[in-house]
Q: 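Pasting a structure below so you can have a look.
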Amino acid sequence: MLSGDPQVSYTFASYFAEVGSSFFCSVSRAPDDGQTNEKSIGKARAIRVTLDMATEGRGTRDSQEIGTAEVPIDRFGKASGDLEFPVPADAPISYDGQLIRVRYTMTIRTDTQLGIDPKFAVPVVVVPKNGANSYDAPHPLRR
Amino acid sequence: MAVERYLSPVASTAAHSEIDEAGGKLVGYAVLPAGIGTFLLVGGIAAGSAVLLVSGALITILAVGFILYYVQDHRAWHPSELYFDKWPVALGATVQVTVVRASKTSLPERDAVSVPGELICTEEVTYRQGTDTRTDRRQVYGGPIQVTGAVHSNAFVGQVGLKIPVDFGGPSLDLRNNKIYWELEIDLSEFSKTGHNADAIITVEPVLDRSEARYVDAPPPPEPQDFGPDNA
């Protein structure tokens, strides 16, 4: 069972994006039903979405925040917004090598006034330019 | 054959690596033996030993002779030059590379000369182990190539078409602890016995050549990963 905010839902236009293009994400939050929000996670203020790149594998981890955006939550606990995360043209692509893996993650976090922010992470894939329809997994291409 | 393509930045890298390689060989094969020979020669004179004297003199003469031959051979050539018709290079693209090895003296004309080489992709990582910083490298692609050309006037000019594979390695990556790089190594020892190779680092950009574009069905949406409060 996920420990993210159960009132938050999200959709992505695509989980794959070329370098130099963008990820598009819609997030929304269902209004509070009276007590649930206050009791379970404290007063929610915003949905903060972050796109991060990080390496995995034998080497020391290199990581970088690519972009962040947030959608404010109203006093009824409701929120809705469309977000865009541009991927720089010179950003590393998602990669599955022998010593190195490069991973991108979209983290959807509910910023709460009290308590620990509930969050969950969605893996996304950055592919080379011109590769939008050519990949179903990180580079290298499988023959 | 006229070379009218622009000189890519890698040519200077090749020249530097040549100098390093040449210096290393010179020290290993000649300077150290010359030192040992001189030591034996002086020791032989001081001790009055004919065996030491003769062997020391022999080693010294051979080593000095090698140094003279090496320096003369090395100075007879200009640094190798590599020209790429595309720079940087896309994944899956074929790039035409021209190799020029020019001598300062005239060379016998030769047609249909072929020299070997290799295209290599390496992953390099650094990590801490205790108080040490360690580096690991793994060759994830190595493909032999043949450069074909001819010797005219005073230069060998050869060409090779390099295809950057899409199913091995990845675009050039230069992060603090994680790197991916492509190297082109061409063995030009056929023209100079003192070890003149043309080596270059090739910049591969995160672009898929259109010839490699294809259509695959999009995979199902990924499962979100659990990041509970304990992992926050």
Side-chain angles (χ1 to χ4, degrees), chain A residues 1-4 10-12 14-16 18-20 41 55 57-64 89-93 95-102 105-109 115-143, chain B residues 88 90-93 121-129 133-141 164-180 203-232:
Chain A
M1 175 159 173
L2 297 176
S3 302
Y10 62 87
T11 55
F12 286 91
S14 172
Y15 294 92
F16 290 69
E18 295 180 3
V19 292
I41 60 170
T55 61
R58 186 172 295 180
T60 302
R61 185 173 185 267
D62 288 310
S63 62
Q64 188 184 351
D90 59 351
I93 61 168
Y95 177 69
D96 217 345
Q98 296 183 20
L99 295 179
I100 301 169
R101 288 187 296 277
V102 178
T105 305
M106 200 76 79
T107 304
I108 301 165
R109 176 198 308 258
I116 297 168
D117 295 347
K119 61 180 181 179
F120 46 86
V122 181
V124 292
V125 179
V126 173
V127 301
K129 189 178 174 188
N130 306 328
N133 297 319
S134 301
Y135 286 85
D136 56 5
H139 189 84
L141 275 175
R142 310 287 183 243
R143 293 287 188 190
Chain B
L91 292 161
C121 180
T122 304
E123 292 180 4
E124 180 183 301
V125 298
T126 55
Y127 57 95
R128 299 280 295 175
Q129 194 168 61
T133 300
R134 296 185 183 277
T135 301
D136 270 5
R137 293 182 188 86
R138 185 164 300 174
Q139 183 179 314
V140 294
Y141 177 77
I164 304 295
V166 294
D167 46 356
F168 293 97
S172 303
L173 181 69
D174 190 15
L175 301 175
R176 187 184 178 89
N177 301 297
N178 296 270
K179 299 179 193 306
I180 300 172
T203 301
V204 177
E205 60 183 340
V207 174
L208 185 67
D209 191 74
R210 292 193 185 277
S211 66
E212 291 288 344
R214 65 197 75 175
Y215 183 82
V216 294
D217 291 332
E223 289 292 321
Q225 299 163 3
D226 198 350
F227 272 86
D230 291 341
N231 301 329

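Proteins come first, then strands; the chains are lettered A, B, ... in the order of their sequence lines, and each starts at number 1.
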Q: With a 4.5 angstrom heavy-atom cut-off, is it the side chain or the backbone of B:R137 that approaches chain A, or both, or neither?
A: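 Looking at B:R137, just its backbone touches chain A.
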
Q: By a 4.5 Å heavy-atom criterion (distance strictly below it), what part of A:A91 contacts chain B: side chain, backbone, both, or neither?
A: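 The backbone, not the side chain.
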
Q: Is there a side-chain contact between A:V122 and A:Y10, using heavy atoms and a 4.5 Å cut-off?
A: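 Yes, at least one pair of side-chain atoms sits under 4.5 Å.
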
Q: How long is the straight-line distance from NZ of B:K179 back to CG of B:L173, given to the nearest 0.5 Å?
A: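 If we round to the nearest 0.5 Å, B:L173:CG and B:K179:NZ are 8.0 Å apart.
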
Q: Testing the basics here: between B:G169 and B:C121, what is the closest heavy-atom pair and its distance to 0.1 Å?
A: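 In this case the closest contact between B:G169 and B:C121 is CA-SG, 3.7 Å.
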
Q: Checking heavy atoms, do the side chain of B:F168, its backbone, both or neither come under 4.5 Å from chain A?
A: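 Only the backbone of B:F168 comes within 4.5 Å of chain A.
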
Q: Non-hydrogen atoms of chain A under 4.5 Å away: do they reach the side chain of B:E205, the backbone, both or neither?
A: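 Neither part.
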
Q: Tell me, out of A:I100, A:V102, A:V125, A:D136, who's got the most heavy-atom pairs with chain B below 4.5 Å.
A: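 Answer, by heavy-atom pair count under 4.5 Å with chain B: A:I100.
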
Q: Return the minimal non-hydrogen interatomic distance between A:Y95 and A:P140, and the atom names on each side.
A: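 That closest heavy-atom pairing would be CE1-CD, 4.1 Å.
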
Q: Look at A:R58, A:R61, A:Q64, A:E18 and state which one has the largest set of heavy-atom pairs under 4.5 Å with chain B.
A: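 So the answer, after comparing A:R58, A:R61, A:Q64, A:E18, is A:R58.
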
Q: Decide yes or no for B:R128 and B:T133: does some side-chain heavy atom of the first lie under 4.5 Å from some side-chain heavy atom of the second?
A: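 The answer is yes; the side chains approach within 4.5 Å.
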
Q: Tell me, for A:V126 versus chain B, whether the close heavy atoms (under 4.5 Å) come from the side chain, the backbone, both or neither.
A: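 For A:V126, no heavy atom lies under 4.5 Å from chain B.
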
Q: With only heavy atoms counted, which part of B:L175 is less than 4.5 Å from chain A, the side chain, the backbone, both or neither?
A: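 Both backbone and side chain.
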
Q: Which region of A:I93, side chain (C-beta onward) or backbone (N, CA, C, O), has a non-hydrogen atom less than 4.5 Å from a non-hydrogen atom of chain B, or is it both or neither?
A: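 Side chain of A:I93 only, per the 4.5 Å heavy-atom cut-off to chain B.
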
Q: Taking all non-hydrogen atoms of both residues, which atom of B:L208 and which atom of A:L141 are closest, and how far apart?
A: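 So the minimum-distance heavy-atom pair works out to CD1-CD1, 4.2 Å.
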
Q: Side-chain contact test, heavy atoms from C-beta onward, threshold under 4.5 Å: evaluate it for B:D136 versus A:L99 and give yes or no.
A: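 When only atoms from C-beta onward are counted, A:L99 and B:D136 do touch, with a gap below 4.5 Å.
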
Q: Relative to chain B, which segment of A:Y135 carries a heavy atom at a distance below 4.5 Å: side chain, backbone, both, or neither?
A: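 For A:Y135, heavy atoms of backbone and side chain both lie under 4.5 Å from chain B.
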
Q: Is it the backbone or the side chain of A:A89 that comes under 4.5 Å from a heavy atom of chain B, or both, or neither?
A: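 Looking at A:A89, just its backbone touches chain B.
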
Q: Please give me the minimum heavy-atom distance between A:K119 and A:T107, naming the atom from each residue.
A: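 So the two residues come closest at CD-CG2, 3.9 Å.
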
Q: With a 4.5 Å cut-off on heavy-atom pairs, point out which of B:L91, B:V207, B:D209 contacts chain A the most.
A: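 Heavy-atom pair counts peak at B:V207.
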
